[in-house]
Protein chains: 2
Amino acid sequence: MEGDGVVTAGEARRTLADELAGGVVQLIRERRLEPGAQMDTVRSMAERFAVAVPTMREALRRLEAMGVVILRHGSGVYVGENVGRSVLPNPHGPLLTSESLVDLLRARSTIEPPIAAMGATVRDPGGVERITETLREAERCLLERNERLWVVNLDFHRAVAQASGNTVLAEVVDSIVLVHGHEQREILRLHGDEDVDFAEHQRIARAVLDGDADEAYRASKEHLDNVIEAIRSRRPDLRQ
Amino acid sequence: MEGDGVVTAGEARRTLADELAGGVVQLIRERRLEPGAQMDTVRSMAERFAVAVPTMREALRRLEAMGVVILRHGSGVYVGENVGRSVLPNPHGPLLTSESLVDLLRARSTIEPPIAAMGATVRDPGGVERITETLREAERCLLERNERLWVVNLDFHRAVAQASGNTVLAEVVDSIVLVHGHEQREILRLHGDEDVDFAEHQRIARAVLDGDADEAYRASKEHLDNVIEAIRSRRPDLRQ
DNA sequence: GTGATTAAGTGATCTAATCACTCCATCGCC
DNA sequence: GGCGATGGAGTGATTAGATCACTTAATCAC
């Protein structure tokens, strides 16, 4: 993994904290620990690896940043969800600008349709189930005028990607949907049309569940392009 | 940014290190620091934020994990390339398995073609230039029988994504190309056909440079499917 | 059975010191 | 004058040890 993943201005030499992070990940693998599983304490890991506690902590902070471990104050160290993830959103990345919002939506409009088509072809059971759940929940939110709708709507897109049965694609969609997630939800809440969205989601879901890849592609593409257009018409500054 | 980005088994409470990481990023933004720019020292940042040095270091380790800063021993703290990135590969993610390799290649085969088509439509100058460079360099490596060819070949794919002029797409392709980068290169080196690859890359490049989106899509799709097939025929364990 | 209290365990942060590396200025030699 | 070596200052890296803050489980009282 040397030099891979992070392309930097000048490669810093590999530190003890870096090595330790690798050691912790190795430990997780050897023990086949699942997300949520408790690990050794910071102090016992420091002993195991024969380093000082603050040094061990530095390594764990690295892993915490990637969501590979969770440090729970007073409780212990736990394996995080992202231990099984290859692609992640960067919580310390750039702020959303009008330009980057358009980029983001355009990116989604480019890659989500073929992924939806693949979802229709593969129809992974977990993904299919989640599509059904998120649709049901969206309907509930719509009736109750619950603002959680915008969270659920983004989850719907993740569910469609999950139906592709392809972990990498699911993670990619996860990442682009989750990155600037708060802002995305706000913009959609202000400028989206919840009824149109729901109807379009239903159309996508039907196509996926029917195994109609072409229709899934079209439905997904039209939906996302409609979102872009709706936001553009209400936000002229986004016109590009 | 609360709760966004990292979906974890149970949300740990926000720590001082977490807050400090945000503070450092804020500093980078306020000063409009570019990647490579030197920041304040660890000690002076600890003073600025009124915390102890080890605590400041924990925060910086978080940011270092994301490639947002680089700590250079004896030199100082520098802004990293990933300060402007929203989507990242996880250097501490899962190991590549036969199954996940197929997933990864399939994922690439699904999303790179529409991105290549978009590259042909937009033809971002920086991306076009980089396509030309990487092709030239690949040709050089081919003549010299330089194993760097496999690095350059993956860079070619990144260049095509850059030609789309869409930052998010470029980052997504970056991430899936770079994740397990070493393994990808090894597998391709063992089972790939460098001449066929080169010819296919040339075809993709020509389509992008000619602004032929349909051809770019087809060329990209066929190339990646050929890669998958080539690897499959030589690695029966990957047959799925 | 439920709620309050206490103790033990564990993470969080601090202080202070020493070690390891980088960078730059100065000096010596050719 | 140019180049290489040396030394000092600055800066990151790691340690040791202490105290504080939180969680969890056990016990006790009602």
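Residue numbers start from 1 in every chain, and the chains themselves are labelled A, B, ... in the order their sequence lines are given, proteins ahead of strands.
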(request) Determine which nucleotide pairs with dC30(D), using a 3.5 Å limit on both distances of a Watson-Crick or G-U wobble pair. (result) dG1(C)
(request) Give the B/S/- string for nucleotides 7-14 of chain C, one per nucleotide from 5' to 3', where a protein heavy atom under 4.0 Å of the base yields B, of only the sugar-phosphate yields S, and otherwise -. (result) --BBBBBS
(message) For a 4.5 angstrom cut-off between non-hydrogen side-chain atoms, does Gln184(A) reach Leu104(A)?
(response) yes
(message) For Val77(B), run the side chain to side chain contact (heavy atoms under 4.5 Å, CB included) check against Gln38(B), Glu64(B), Met45(B) and tell me which one passes.
(response) Met45(B)
(message) Pairing donors with acceptors under 3.5 angstrom, does anything connect the side chains of Thr167(A) and Arg85(A)?
(response) no
(message) So that I can tick it off, tell me whether Glu194(A) and Arg145(A) are bridged by a salt bridge, with the cut-off set at under 4.0 angstrom between side-chain N and carboxylate O.
(response) yes
(message) Between Glu58(A) and Arg61(A), does any NZ, NE, NH1 or NH2 come within less than 4.0 Å of an OD or OE carboxylate oxygen?
(response) no
(request) Rounded off to whole Å, could you give me the CG-to-P distance for the Asp18(A) and dT14(D) pair? (result) 10 Å
(message) If I take atom OH in residue Tyr78(B) and atom P in nucleotide dT11(D), what distance separates them, rounded to the nearest angstrom?
(response) 10 Å
